[in-house]
Amino acid sequence: MKVLLTGFAPFGGETVNPSWEAVQRAAEEKTEGIAVAAALLPTAFGAAVKAAVAAIEAQRPDVVIAVGQAGGRCEISIERVAINIDDASIPDNQGSQPRDMPVVPGGPAAYFSTLPIKAMAEAIRRAGIPSSVSNSAGTFVCNHTMYGILHYIAQEQLPIKAGFIHIPYLPEQAVHHKGAPSLALQDAVRALVIAVQAAAEEHYTMGK
Ligand code: PCA
């Protein structure tokens, strides 16, 4: 089975994005029976979904896990839902800052993750890394990308499971945000590998 992991470019004045750092490393870990590809997405409305769809078309994965930074969060957040709203409090990397705009005009209000979100969070916690299901991916580029990927899969009726994981700042970022929690890169990588395995387990149990 094939998994596509995506990570984002740094944004909002940061010089790294933990999502791309962790995704690249997680894709290099060898897991029996699972091929993992990594794709970098621009942190920009529209362009991020375009790049994600191009990577899905190129890789034809069974599972897509998009990953992004959630500065200020203290654990690995397995996102449950993407909503049809772009409402940015800062400009994206291309200078666009949509307010109260739909991701897809006329699209459904929301899409739920099709990944085993509870199993993923539990498996990550069992490994000693804080994780839980989150009920909001925000209203910036990450929510937009999760919505865009799930909308594309729904429109094309593809047999692909997809969802989103937010990860905290790296310690070297958190030192510039007084009081902000952080997670070491190696733990973020471990969490992503476990998330991939949990998604694969479900994939095989479903007999696909
Ligand atoms: N986090 C942002 C966009 C890119 C990223 O890594 C977000 O949470 O929307």
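One-based numbering, in listed order, for ligands and for the atoms of each. All of these numbers come straight from a predicted model, not from anything done at the bench.
- His177 and Glu14 share a donor-acceptor pair across their side chains, judged by distance under 3.5 Å alone.
- Side chains of Ile78 and Ser131 form a contact here, defined as non-hydrogen atoms less than 4.5 Å apart.
- Here the side chains of Met101 and Ile85 are not in contact, with every heavy-atom distance at 4.5 Å or above.
- Note that the CZ atom of Arg25 and the CH2 atom of Trp20 stand 10.5 Å from one another [nearest 0.5 Å].
- For the pair Met120/Leu115, a side-chain contact is recorded, criterion being any heavy-atom separation below 4.5 Å from C-beta on.
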Does ligand 1 have any N/O atom under 3.5 Å from a protein N/O, and what are those pairs and their distances?
| residue | atom | partner | partner atom | Å |
| --- | --- | --- | --- | --- |
| ligand 1 | 1 (N) | Gln69 | O | 2.9 |
| ligand 1 | 6 (O) | Asn17 | ND2 | 2.9 |
| ligand 1 | 6 (O) | Gln69 | N | 2.8 |
| ligand 1 | 8 (O) | Gln69 | O | 3.4 |
| ligand 1 | 8 (O) | His166 | NE2 | 2.8 |
| ligand 1 | 9 (O) | Val141 | N | 3.4 |
| ligand 1 | 9 (O) | Cys142 | N | 2.8 |

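- By the side chain to side chain donor-acceptor pair (under 3.5 Å) test, Asp100 pairs with no residue at all, sequence neighbours left out.
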